[in-house]
**Student:** 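Mind having a look at this structure? Questions to follow.
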Amino acid sequence: MQHLNYNHLYYFWMVQKKGSVTKAAEALCLAPQTITGQIRALEERLKGSLFKRVGRNLVATELGELVFRYADKMFSLSYEMLDLLNYQKDDSLLFEVGIADALSKALVSRVLLTVIPNDGSVHLACYESTHESLIERLREHKLDMILSDCAGGSLKYPEILSKKLGECGISFFAAEASSLPFPACLEERKLLIPGKRTSLGQQLHRWFAEKNLNVNILGEFDDAEMMKAFGYFNRGIFVAPSIYRHDILSQGMVLLGETNDIQEEYHVMFAERMIQHPAVKSLLATDFGDLFAGLDLQVQSFEHRIS
């Protein structure tokens with residue numbers, strides 16, 4: 001029996017993963033006709049059809065599903081091998097980290113700087129996007145690790161592991177003080193809150209209902225920095241994890257109140273294959289409890305100075 005042409009198999013695998021010949025062609029920088037021709041050659045070799053057309057869509061046949069399962073294992077292992085070889089051979093180790101756009105850049109930088117050595121042995125590359133997009137990139141071997149405000153991907157995909165770094169309550173800020181007590185003061189002005197796709201946004205909506213607060217939401221944001229920017233321009237009350245109070249108060253904002261009923265969580269997620277990556281190993285071995293506690297102490301010191 002002759003060997004398979006693995007280029008043909010790879011093109012088939014990409015079409016099935018991307019969902020169409022056009023998308024696979026874009027990813028591979030090839031003409032759609034080239035990919036179609038290669039898949040036909042593979043079908044001739046396997047003596048059966050790999051796809052059938054249902055309306056405008058290509059759907060894998062029973063043979064196609066079988067071949068894809070084996071191809072997926074093969075090419076996933078090949079990517080894993082390259083990942084391991086690349087970070088073991090390079091003088092400057094590449095560390096590609098995905099960052100959920102709902103997270104504060106201040107905390108992300110503190111976490112990463114804790115595990116990045118100063119000797120230049122690790123080259124950090126950060127990529128920001130939604131949690132869902134980052135999980136997909138991690139599964140496609142395009143990232144080494146993710147920092148996010150939820151760990152949903154690690155529960156859905158067994159090949160993704162996670163660790164909870166810490167958690168904290170949230171605070172409400174505005175450009176001007178309120179004469180009303182907290183949380184009644186939240187009904188006084190329009191609110192700027194995280195989007196419903198985020199864990200924090202979902203918790204806030206439940207908390208408003210539990211407290212019977214009739215709030216007026218001006219905007220919802222996936223980007224925490226954009227939300228704060230609106231608040232800095234006196235466009236409403238905005239929320240932020242309490243560990244950022246020091247930075248926000250230093251910008252002239254007023255603390256309206258805080259609650260621990262809502263918890264912002266911080267998670268790191270990584271593919272199992274990357275557990276030996278030096279930066280990942282360092283992060284997993286680090287206890288970030290002192291980091292969160294240290295930020296709180298910094299806030300207490302600041303509040304003592306202004307009181």
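Counting begins at 1 with the first residue of the sequence.
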**Student:** Taking only distance into account, with no hydrogens and no angle test, what donor-acceptor pairs under 3.5 Å do side-chain atoms of residues 177-187 form with protein atoms, sequence neighbours excluded?
**Tutor:**
| unit_1 | atom_1 | unit_2 | atom_2 | d |
| --- | --- | --- | --- | --- |
| Ser178 | OG | Leu180 | N | 3.1 |
| Ser178 | OG | Glu188 | OE1 | 2.5 |
| Glu187 | OE2 | Asn214 | N | 2.7 |

**Student:** Side chain to side chain contact (heavy atoms under 4.5 Å, CB included), that's the test. Do Tyr6 and Met74 meet it? Break it down for me.
**Tutor:** CA-CA 10 Å; Tyr6 289 105; Met74 291 167 55; 3.3 Å; yes

**Student:** Please examine the side chains of Pro194 and Val239, heavy atoms only from C-beta on, and report whether any two atoms are closer than 4.5 Å.
**Tutor:** yes

**Student:** Considering non-hydrogen atoms only, spot the tightest contact between Ala24 and Ile35 and give its length.
**Tutor:** C-CD1, 3.8 Å

**Student:** Main chain of Lys196, side chain of Gln202: is a donor-acceptor contact present, judged purely on distance under 3.5 Å?
**Tutor:** yes

**Student:** State whether the number of non-hydrogen atoms from other residues, nucleotides or ligands found under 6.0 Å of Lys52 atom NZ is greater than 12.
**Tutor:** no

**Student:** Would a 4.5 Å heavy-atom cut-off, applied to side chains only, mark Leu283 and Val111 as touching?
**Tutor:** yes

**Student:** Does the Asp144 side chain pair with the main chain of Glu96, one donor and one acceptor, at a distance under 3.5 Å?
**Tutor:** yes

**Student:** Less than 4.0 Å between a side-chain N and a carboxylate O, is that true for Glu225 and Lys228?
**Tutor:** yes

**Student:** Look at the side chain of Ser242 and the backbone N and O of Gly169, then say whether any donor-acceptor pair between them is shorter than 3.5 Å.
**Tutor:** yes

**Student:** Strictly below 4.0 Å, N to O, side chains only: are Glu258 and Arg245 in salt-bridge contact?
**Tutor:** yes

**Student:** Atom CZ in Arg189, atom CG in Asn234: separation rounded to 0.5 Å?
**Tutor:** 7.5 Å

**Student:** Between Asp72 and Lys17, is a side chain to side chain contact (heavy atoms under 4.5 Å, CB included) present by the stated rule, with each step listed?
**Tutor:** CA-CA 9 Å; Asp72 196 43; Lys17 280 186 71 70; 4.2 Å; yes

**Student:** Restricting to non-hydrogen atoms, name the atom on Ser171 and the atom on Leu255 that form the minimum distance, rounded to 0.1 Å.
**Tutor:** CB-CD1, 3.6 Å

**Student:** Evaluate the criterion side chain to side chain contact (heavy atoms under 4.5 Å, CB included) for residue pair Val67 and Gln16; output intermediate values, then yes/no.
**Tutor:** CA-CA 10 Å; Val67 172; Gln16 179 67 357; over 6 Å; no

**Student:** Mind checking whether Phe12 and Phe68 have parallel, tilted or perpendicular rings, split at 30° and 60°?
**Tutor:** perpendicular

**Student:** Tell me which one of Phe221, Phe233, Tyr232, Phe230 satisfies ring-ring contact (aromatic ring centres under 6.0 Å, His included) with Phe238.
**Tutor:** Tyr232

**Student:** For Ala27 and Met14, work out which heavy atoms get closest and say how close.
**Tutor:** CB-CE, 3.7 Å

**Student:** Could you check if a side-chain atom of Ile193 sits within less than 4.5 angstrom of a side-chain atom of Leu200, using non-hydrogen atoms only?
**Tutor:** no

**Student:** Are Asp261 and Lys211 close enough that some pair of their side-chain heavy atoms sits under 4.5 Å apart?
**Tutor:** yes

**Student:** With a 4.5 Å cut-off on side-chain heavy atoms, are Tyr11 and Leu42 touching?
**Tutor:** no

**Student:** If the plane angle is over 60° it's perpendicular, under 30° parallel, otherwise tilted; pick one for Trp13 and Phe75.
**Tutor:** tilted

**Student:** Would a distance-only check, ignoring hydrogens and angles, find a side-chain to backbone donor-acceptor pair under 3.5 Å from Lys163 to Leu284?
**Tutor:** yes

**Student:** Hey, could you give me the CZ/NZ distance between Arg45 and Lys47, rounded to the nearest 0.5 Å?
**Tutor:** 6.5 Å

**Student:** Distance-only, no hydrogens or angles: does the Thr286 side chain make a donor-acceptor pair with backbone N or O of Ser282 under 3.5 Å?
**Tutor:** yes

**Student:** Quick check: are there more than 12 heavy atoms from other residues, nucleotides or ligands sitting under 6.0 Å from CE of Met226?
**Tutor:** no

**Student:** Mind checking whether Leu204 and Ile170 have side chains closer than 4.5 Å, heavy atoms only?
**Tutor:** yes

**Student:** Looking only at non-hydrogen atoms, find the nearest pair between Met145 and Leu112 and report the distance.
**Tutor:** CE-CD2, 4.1 Å

**Student:** Where do Ile39 and Val15 come nearest, in terms of heavy atoms and distance?
**Tutor:** CD1-CG2, 3.7 Å

**Student:** Compare all side-chain heavy atoms of Ile135 with those of Arg139 and state whether any distance is below 4.5 angstrom.
**Tutor:** yes

**Student:** With a 4.5 Å heavy-atom cut-off, do His131 and Met269 have their side chains touching?
**Tutor:** yes

